[in-house]
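In what follows, a single structure is set out as structure tokens and then discussed.
Just so you know, these numbers come straight off a predicted model, no measurement behind them. Count residues from 1 along the sequence.
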Amino acid sequence: MVALGYGTAAAVPQAAARHTVSPNPCTAQDHLLTIAVTTDAKNVAVGDRLWDSHARFVRSTHQSFLVAYGLAKGPERADPLDPASALTGRTVYVLNECYRTSADISKHWKITSTRWPEFQAVLDWMHTPGTQVVTLHDGQVRNSLW
């Protein structure tokens with residue numbers, strides 16, 4: 001158990017307990033595509049399926065220009081600044097894709113929108129009632145630690 005600083009504790013996955021510092025492939029001046037999706041519980045099964053499909057597609061098509069890829073999923077809190085606040089019953093997904101250049105992000109959108117069979121399905125899912133999306137289309141990394 002690790003204290004989170006708000007009087008709560010959370011279990012640390014075994015992999016985290018063995019963490020060693022390694023170079024962060026996404027460094028200052030790289031470019032990020034970040035998408036945060038918050039959705040109702042009834043939309044989570046479809047979201048899981050679409051994000052898993054997306055990861056498989058990106059893995060098979062982006063090797064030459066994608067630096068790093070990560071998708072996090074977790075419960076939404078009533079107070080987003082207090083990890084001890086009540087759960088809302090909604091789920092938050094946060095996708096981070098790191099590229100060296102803005103042109104690589106444009107390449108991602110072109111390949112994904114034309115070749116990923118689930119592209120329209122993920123757009124439709126993001127527009128379902130009870131779902132909010134925030135996107136940073138081309139954020140430049142300002143700070144990057146290990």
Side-chain angles (χ1 to χ4, degrees), residues 1-41 43-116 118-119 121-123 125-127 130-146:
M1 302 294 268
V2 173
L4 298 176
Y6 286 90
T8 63
V12 175
Q14 289 300 328
R18 294 187 303 268
H19 174 75
T20 58
V21 176
S22 61
N24 182 352
C26 192
T27 60
Q29 307 308 313
D30 284 344
H31 296 257
L32 285 179
L33 168 61
T34 301
I35 302 173
V37 179
T38 304
T39 195
D40 292 341
N43 302 323
V44 170
V46 172
D48 287 350
R49 183 186 65 74
L50 290 167
W51 286 125
D52 291 347
S53 171
H54 181 260
R56 287 188 302 273
F57 175 78
V58 169
R59 180 181 289 124
S60 71
T61 59
H62 288 47
Q63 302 92 338
S64 66
F65 63 100
L66 177 68
V67 175
Y69 178 99
L71 175 73
K73 173 188 172 188
E76 180 187 50
R77 298 282 176 169
D79 179 346
L81 302 178
D82 181 359
S85 67
L87 300 177
T88 66
R90 294 165 45 87
T91 297
V92 180
Y93 296 89
V94 179
L95 174 71
N96 281 300
E97 297 179 11
C98 181
Y99 299 93
R100 294 287 181 230
T101 68
S102 294
D104 290 337
I105 291 176
S106 295
K107 186 178 191 178
H108 159 76
W109 281 116
K110 182 175 182 177
I111 290 171
T112 304
S113 67
T114 60
R115 294 178 45 200
W116 181 37
E118 302 270 27
F119 185 73
V122 81
L123 293 179
W125 174 74
M126 289 179 179
H127 284 97
T131 301
Q132 291 78 41
V133 179
V134 176
T135 302
L136 175 62
H137 284 283
D138 186 359
Q140 194 167 13
V141 177
R142 291 183 48 88
N143 300 303
S144 178
L145 303 177
W146 46 132

Within the 4.5 Å heavy-atom criterion, are R100 and T27 side-chain neighbours or not? yes
Do W116 and S53 have a side chain donor and acceptor closer than 3.5 Å? yes
Give a yes or no on whether the backbone of H137 and the side-chain of T135 come within a donor-acceptor separation of less than 3.5 Å. no
Are Q132 and R90 packed together at the side-chain level, in the sense that at least one heavy-atom pair is separated by less than 4.5 angstrom? yes
Keeping the roles fixed (side chain from W125, backbone from N43), state whether a donor-acceptor pair exists under 3.5 Å. yes
Start with the C-alpha distance between I35 and V94, add both sets of side-chain angles, then the distance that settles side-chain contact (heavy atoms from CB on, under 4.5 Å), and finish with yes or no. CA-CA 6 Å; I35 302 173; V94 179; over 6 Å; no
Working note: T38 + E76, criterion side chain to side chain donor-acceptor pair (under 3.5 Å); need CA distance, chi angles, decisive distance, verdict. CA-CA 8 Å; T38 304; E76 180 187 50; 4.6 Å; no
Between V92 and V37, is any pair of side-chain heavy atoms under 4.5 Å apart? no
Ring centers of H108, Y69 separated by less than 6.0 Å: no
Starting from the C-alpha separation in whole Å, work towards a yes-or-no answer on side-chain contact (heavy atoms from CB on, under 4.5 Å) for D48 and Y93. CA-CA 9 Å; D48 287 350; Y93 296 89; 2.7 Å; yes
Does a side-chain heavy-atom distance below 4.5 Å link H54 with L95? yes
Work out which heavy atom in G89 is nearest to a heavy atom in A41; give both atom names and the distance. O-CB, 3.6 Å
Return the OG to CG distance between S102 and L33, rounded to the nearest 0.5 Å. 11.0 Å
Separation between NZ of K107 and CG of L66, rounded to the nearest 0.5 Å: 11.0 Å
Given the options L32, I105, D104, C98 meets side chain to side chain contact (heavy atoms under 4.5 Å, CB included) only with L32
For Y99 and F65, take the angle between the two ring planes, folded into 0 to 90°, and tell me which bin it lands in: parallel under 30, tilted 30 to 60, perpendicular over 60. parallel
Please walk me through it: do T39 and V44 pass side-chain contact (heavy atoms from CB on, under 4.5 Å)? CA-CA 7 Å; T39 195; V44 170; 4.3 Å; yes
Whether T131 side chain and H127 backbone form a donor-acceptor pair below 3.5 Å: no
Does any non-hydrogen side-chain atom of C26 lie less than 4.5 Å from one of V141? yes
Flag, side chain of T34 to backbone of L136, donor-acceptor distance under 3.5 Å: no
Tell me whether the count of non-hydrogen atoms from other residues, nucleotides or ligands lying under 6.0 Å of CZ in R49 goes above 12. yes
Does a side-chain heavy-atom distance below 4.5 Å link F57 with E118? no
Between the main-chain N or O of S85 and the side-chain N or O of R77, is there a donor-acceptor pair closer than 3.5 Å? yes
Spell out, as yes or no, whether a donor-acceptor pair under 3.5 Å connects the side chain of T112 to the backbone of W109. no
